[in-house]
Amino acid sequence: MKFAIAVLLGVLLWSCGGKNEITVGSKNFTEQIILGEMAAQQIERKLHLPVRRQLDLGGTLLTQQAIVRGDIDLYPEYTGTAASAVLKEAIPSDPGLAYTEVKAAYLARFHLVWLPPLGFNDTFAMVVRKQDAKGLPKPDLSAAVSRPWRLGVGYEFLTRPDGLQRLGRVYGLHWQGTPQTMDLGLLYQALAEHKVDMAAGNSTDGLLDPSKFQVLADDKHAFPPYNACFVVRQALLDQRPEVATALTILSDHIDEKTMRDLNRQVDVEHQPVVLVVRNFLAKQP
């Protein structure tokens, strides 16, 4: 009943000159593109509003600039990324407190609204080959100080304070040569081909095959929580509050395993993002 009322209000707002088109953005890696497409399809199927897609925009700061300028109306973001890369602040290790603090800061500074978390924490994952993990006393990062590593990273991990800087400060790992920077989609190939010995991936990567690779546990909790949420311009919600209603239906419906599987369908099985998202949403309320 509440959702039906929200849709009716949306139609009335539309007729009174509300925003005619909603622009959804995303960063430039598979998971972001999937989540951006998911937001777009959810708005289309629940509200029947026209949606323009500006997916694959670039990194965190480029996407943040786009939403602040109003070039896009919403995009998916992660609490730890927002705190470190955008707000330049420390973040509590408790996921609930982290979400609350980031949400309040974004509203105050940027007039952006964080909708409730989607249900998964996409944290950094330090990945090694299975056989190399077996040579360690334990499969955790503290044990990895026992040998030097050739490291492969994405550009953001190299430059962000919650990335390589934080990893080195907490664990004091030994690197063999300079970390190799590459596209995120090439990290696992480089690892498999022995071009690097450790890769800075993400816990929901579709290419993270447990038969080949091992994630070394972050036993000292170097990385903050990275709970995924949709971030929306307050100006859009002032005109179309039903957008928040439609997207919030997805909250707590995507766990880490589900997100990894969606990524795997795109990156490993090479299914079209549009189809992967459509099939997922067909099973949702």
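These numbers were taken from a predicted model, which means no experiment stands behind them.
In this structure, Leu164 and Pro179 have side chains that are in contact, with non-hydrogen atoms separated by less than 4.5 Å. Contact check for Cys229 versus Glu77: no side-chain heavy atoms found under the 4.5 Å cut-off. Counting only heavy atoms from C-beta outward, the side chains of Gln234 and Leu107 approach each other to under 4.5 Å. Residues Leu112 and Val232 fail the side-chain proximity criterion, which asks for heavy atoms closer than 4.5 Å. Using a 4.5 Å heavy-atom cutoff, the side chains of His253 and Leu118 are not in contact. Residues Leu262 and Met38 have side chains in contact (heavy-atom distance under 4.5 Å, counting atoms from C-beta outward). You'll find the side chain of Asp205 stays beyond 4.5 Å of the side chain of Asp122, heavy atoms only. Taking 4.5 Å as the limit, every side-chain heavy atom of Thr178 sits out of range of all side-chain heavy atoms of Leu151.
Other residues, nucleotides and ligands contribute at most 12 non-hydrogen atoms within 6.0 Å of the NZ atom of Lys212.
A distance of 12.0 Å separates CG of Asp132 from NZ of Lys130, quoted to the nearest 0.5 Å. Annotation: the span from Leu207 atom CG to Asp267 atom CG amounts to 4.5 Å, rounded to 0.5 Å. To the nearest 0.5 Å, the span separating CG on Asp73 from OG1 on Thr23 amounts to 5.0 Å. A distance of 10.0 Å separates CG of Leu250 from CG of Leu115, quoted to the nearest 0.5 Å. For the atom pair Gln265 CD and Arg260 CZ, the distance stands at 13.5 Å (nearest 0.5 Å). With rounding to the nearest 0.5 Å, the separation of CD1 in Ile43 from CD1 in Ile22 is 4.5 Å.
Applying the ring-ring contact (aromatic ring centres under 6.0 Å, His included) test to residues at least two apart or on different chains, none of the pairs has a partner in residues 67-100.
Using a 4.0 Å cut-off between a side-chain N of Lys or Arg and a carboxylate O of Asp or Glu, Glu242 and Lys46 do not qualify as a salt bridge. By the 4.0 Å N-to-carboxylate-O rule, Asp197 lies close enough to Arg147 to be salt-bridged with it. Salt bridge annotation for Arg129-Glu193: absent, with no cationic side-chain nitrogen under 4.0 angstrom from a carboxylate oxygen. The pair Arg69-Asp71 meets the salt-bridge criterion, with a side-chain N (NZ, NE, NH1 or NH2) lying under 4.0 Å from an Asp/Glu carboxylate O.
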Check against side chain to side chain contact (heavy atoms under 4.5 Å, CB included), Thr79 and Asn227: CA-CA 5 Å; Thr79 50; Asn227 293 105; 4.0 Å; yes
Tell me, with the steps shown, if Ser146 and Leu136 meet side chain to side chain contact (heavy atoms under 4.5 Å, CB included). CA-CA 8 Å; Ser146 62; Leu136 298 175; 3.5 Å; yes
Between Leu208 and Phe213, does the side chain to side chain contact (heavy atoms under 4.5 Å, CB included) criterion hold? Intermediate values first, please. CA-CA 7 Å; Leu208 183 50; Phe213 306 117; 4.1 Å; yes
Evaluate Val196 against Trp149 for side chain to side chain contact (heavy atoms under 4.5 Å, CB included), listing each step before the verdict. CA-CA 8 Å; Val196 299; Trp149 302 87; over 6 Å; no
Yes or no on salt bridge (Lys or Arg N to Asp or Glu O under 4.0 Å) for Glu89 and Arg109, after CA distance, side-chain angles and deciding distance? CA-CA 13 Å; Glu89 294 179 355; Arg109 294 193 195 183; 2.4 Å; yes
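Closest non-hydrogen pair, Ala39 versus Val24, comes out as CB-CG1, 4.2 Å. The shortest non-hydrogen separation linking Gln176 to Arg150 is O-CG, 3.8 Å. Between Leu57 and Ala66, the shortest heavy-atom distance links the atoms CD1-CB, 4.2 Å. Taking both residues in full, the closest heavy atoms of Leu87 and Ala105 are given as CD1-CB, 3.8 Å, listed atom of the first, atom of the second, then distance. Minimum heavy-atom separation, Val145 to His174: O-CD2, 3.2 Å. Glu256 and Asn121 make their closest contact through OE1-O, 3.5 Å (heavy atoms, listed as atom of the first residue, atom of the second, distance).
Looking only at atom types and distance, the side chain of Thr81 has a donor-acceptor partner in the side chain of Arg160 under 3.5 Å away. Looking only at atom types and distance, the side chain of Asp218 has a donor-acceptor partner in the side chain of Tyr171 under 3.5 Å away. A donor-acceptor contact closer than 3.5 angstrom is absent between the side chains of Asn202 and Thr204. Using modelled atom types, one finds no donor on one side chain facing an acceptor on the other under 3.5 Å when comparing Asn263 with Thr30. With no hydrogens or angles considered, a side-chain donor-acceptor pair links Thr60 and Lys27 at under 3.5 Å. For the residue pair Asp255 / Thr258, a side-chain donor-acceptor distance below 3.5 Å is found, with atom types taken as modelled.
The backbone N or O of Thr245 lies less than 3.5 Å from no partner atom in the side chain of Thr248, so there is not a single donor-acceptor pair. The main-chain N or O of Lys195 is found under 3.5 Å from a side-chain atom of Gln180 such that the two form a donor-acceptor pair. Side chain of Gln42 to backbone of Ala246: a donor-acceptor contact under 3.5 angstrom is found. Without hydrogens or angle criteria, Ser93 side chain to Pro224 main chain gives no donor-acceptor distance under 3.5 Å.
One hydrophobic cluster holds both Val268 and Tyr188 under the rule that ILVMFWY side chains link at heavy-atom gaps under 4.5 Å. Residues Val102 and Val113 fall into different hydrophobic clusters, defined by Ile, Leu, Val, Met, Phe, Trp and Tyr side chains chained together at heavy-atom separations under 4.5 Å. Under a hydrophobic-cluster definition in which Ile, Leu, Val, Met, Phe, Trp and Tyr are linked whenever side-chain heavy atoms come within less than 4.5 Å, directly or via other members, Leu35 and Val51 are assigned to the same cluster. Val68 and Leu237 are assigned to two separate hydrophobic clusters, defined by single-linkage of ILVMFWY side chains at heavy-atom distances under 4.5 Å. Cluster annotation: Val170 is connected to Phe157 through the hydrophobic network of ILVMFWY side chains, with a link wherever side-chain heavy atoms come within less than 4.5 Å.
Looking at Asp183, Leu184, Ile34, Asp56 one by one, the single match for side-chain contact (heavy atoms from CB on, under 4.5 Å) with Phe29 turns out to be Leu184.
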Which donor-acceptor pairs under 3.5 Å do the side chains of residues 277-285 make with protein atoms, sequence neighbours left out?
residue	atom	partner	partner atom	Å
Asn279	ND2	Leu275	O	3.4
Gln284	NE2	Phe280	O	3.3

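Taking the six-membered ring for Trp, Phe120 and Tyr226 have ring centres at least 6.0 Å apart.
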